[in-house]
Amino acid sequence: MSENQQEKVKVIDARGSFCPGPLMELIRAVKESAVGDVIEIWSSDTGSQRDIPKWTEKAGHEFLGVIHEEGYDRIKVRKKR
Amino acid sequence: MPKKVLVVGGGTGGTIVANNLAHRLHDKLVAGEVEITVLDPSPLHVYQPAYLLIPFGIMHRSEAIRSERSLLAETVRFRQEGATKIDLKNRTVQTASGNLGYDFLVLATGARPDYSQVPGLEKAGYDFYTLDNAYRLREALGRFGGGRLVTAVAGIPFKCPTAPIEFAFLADSYYSRLGLREKVQVDYVYPLPRPFTIQNVAEDVQTMMDGRKINVNLLFNIESVDPEKKELKSMEGETIKYDLAVLTPPHTGAEVVIKSGIAGKGGWIPTDRYSLRVNGYDDAYAIGDATDIPVSKAGSAADFEAAVVATNIWDSLNGFAPSLRYDGKVMCFIITSIGEATILLFDYEHPPKPPPSNFACYWYKLVYNRMYWSITAKGLLPGVGV
Ligand SMILES: Cc1cc2nc3c(=O)[nH]c(=O)nc-3n(C[C@H](O)[C@H](O)[C@H](O)COP(=O)(O)OP(=O)(O)OC[C@H]3O[C@@H](n4cnc5c(N)ncnc54)[C@H](O)[C@@H]3O)c2cc1C
């Protein structure tokens, strides 16, 4: 996990892990973060694009979007509560 | 000096590797050219799939346990002690009685429930992850005259990904047979947005649960359990009340691999998913529940992996290049009622295509429970396991 100074962003590299790995890692990171923190999860599993927004909506966090990179996606979420 | 193969963990994977190698290397073992040693602190080998069936009276203690020594080939040495430290760089494994060296190491230390990850979990209710707990649950199910029976998954990954689904189906079937189903509400609670990790299987499970009036509660990640109020609380801010909770605890790897600094995230051993070598080492393998490879924590996976590792160690001992790769194969039954089951067979490249539930699969599962001892654990049919 690394931190970017401008906005507090925690990056979790879950590439190479398969469903439900990336979602479970995101959930763990949200649990360990403070309200307002942004978490960016890197996933090469295409299922993450479907599962992560569903979870953030239900859990009351903010889905900030997906950036497609070569072979993986960077999915951003803000902890809201 | 004999070549030494050291197997840490005499559960499903470790026992199959040791026995299968022992059959192939019989002459060399007798001549003292090779030594195979299995280390395990427990003198008993437990067939863990029985834990799910004991609560419903379908299996019994006597069918679930054998002595490890009696299962291992005579040519395999069994040391009833645990590894206390594993040093991969210096090729040594420490135990209370001394240090053991090796030429090839197989880590098969399994997974264990970790109740400490969820506050209140241990006191919350029941589970089927140890033999004693399976019997406690049997009593509780028998006493339960009605109310809300909740089976919930409190962390992924865990041993046997289909077990909580099977538990819900078995509970439905069990109370229907007793004429109590109208009084028992069965709830299945799962952290993901579908009732199983694999999409097409999840759809079948959802349809079957709907048809059997099993309530499916999704995206419920248990944060804590309140045993007094009998409530499960989720990270998503929801609460589920229960009268009887049957919970699948989060799991982690063996203490020794964590303390030795071998384990990565979650307590799992970083392992190459094809060669099954511990990352960075060509003389150390890891198999079964202990690894971090993306397959189910299932005895069948341990069995298929054991076949690959036994073959490749045999190759190396005989001067050949390793000749097998693990393709991610897993075979799992899903018992869908007392009397019916379906079967999932899949690998890294091919998702499962389960047939409709039927009696033949159920019957085979019950027969297999007996065959485990005489065939699978003996290493006689490596790679054909359940
Ligand atoms: C309820 C339930 C139902 C299941 N149903 C099925 C099923 O239907 N089909 C299926 O395929 N699988 C099923 N499984 C899963 C299956 O039992 C496991 O996946 C399988 O046992 C894994 O084998 P393993 O060798 O990796 O670990 P295990 O068989 O758990 O063996 C690990 C061994 O390592 C030993 N050990 C731990 N620490 C040390 C140490 N420090 N030194 C030496 N030894 C050590 C332990 O004592 C143990 O004997 C089920 C499991 C459960 C709990």
Side-chain angles (χ1 to χ4, degrees), chain A residues 1-3 10-66 71-73 75-81, chain B residues 114 117-119 153-158 161 189-203 217-224 233-238 248 250-252 264-268 270-274 279 291-297 328 330 346-349 351-352:
Chain A
M1 213 180 273
S2 68
E3 290 195 7
K10 282 188 186 166
V11 175
I12 300 159
D13 187 352
R15 286 176 297 178
S17 109
F18 290 87
C19 165
L23 174 62
M24 298 323 278
E25 292 206 26
L26 172 69
I27 292 173
R28 190 169 305 131
V30 167
K31 211 170 172 175
E32 290 163 3
S33 303
V35 172
D37 285 359
V38 174
I39 295 137
E40 178 177 310
I41 180 124
W42 296 5
S43 172
S44 48
D45 181 29
T46 49
S48 299
Q49 282 184 50
R50 186 186 54 215
D51 290 355
I52 289 176
K54 277 191 193 157
W55 180 76
T56 44
E57 191 191 340
K58 170 144 188 213
H61 303 299
E62 190 183 354
F63 180 71
L64 299 172
V66 185
Y72 69 101
D73 295 313
I75 305 171
K76 279 190 175 185
V77 170
R78 190 190 309 276
K79 177 163 173 159
K80 293 288 274 189
R81 52 173 201 90
Chain B
D114 180 6
Q117 288 184 30
V118 178
V153 170
I156 290 179
F158 55 89
V189 178
Y190 200 61
L192 300 183
R194 57 189 161 276
F196 188 60
T197 47
I198 303 170
Q199 181 76 35
N200 66 324
V201 178
E203 285 163 16
N217 307 267
L218 300 174
L219 284 173
F220 192 99
N221 284 274
I222 299 179
E223 187 161 55
S224 64
K233 292 199 183 309
S234 80
M235 279 186 68
E236 293 79 19
E238 291 181 327
T248 293
H251 280 63
T252 188
K265 265 187 218 156
W268 314 117
T271 307
D272 182 272
R273 66 156 102 167
Y274 298 113
N279 285 344
T291 76
D292 73 345
I293 61 179
V295 297
S296 308
K297 301 217 175 287
V330 179
F346 54 105
D347 60 36
Y348 292 140
E349 308 292 335

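As the structure is a prediction and not an experimental result, all values here were calculated from the model.
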What I want to find out is whether K58(A) reaches E238(B) closely enough, with some N-O distance under 4.0 Å, to be called a salt bridge.
yes
With only heavy atoms counted, which part of L23(A) is less than 4.5 Å from chain B, the side chain, the backbone, both or neither?
side chain
Non-hydrogen contacts under 4.5 angstrom with chain B: give the residues of residues 39-48 of chain A involved, or none if there are none.
none
Is it the side chain or the backbone of I198(B) that comes within 4.5 Å of chain A heavy atoms, both, or neither?
neither
What distance separates M24(A) CE from N221(B) CG, expressed to the nearest 0.5 Å?
5.0 Å
To the nearest 0.5 angstrom, please state how far the CD1 atom of I27(A) sits from the CD atom of E223(B).
11.0 Å
Can you name the closest pair of heavy atoms from P193(B) and K54(A) and give their distance?
CB-CD, 3.7 Å
Heavy-atom closest pair (D13(A) atom, K265(B) atom, distance to 0.1 Å) is O-NZ, 4.0 Å
What pairs with P250(B) under side-chain contact (heavy atoms from CB on, under 4.5 Å), at least two apart in sequence or on another chain?
Q117(B), V118(B), L121(B), A154(B)
side-chain contact (heavy atoms from CB on, under 4.5 Å) with E57(A): which residues, sequence neighbours excluded?
none
Qualifying residues under ring pair (Phe, Tyr, Trp, His ring centres under 6.0 Å), relative to Y274(B), sequence neighbours excluded:
Y348(B)
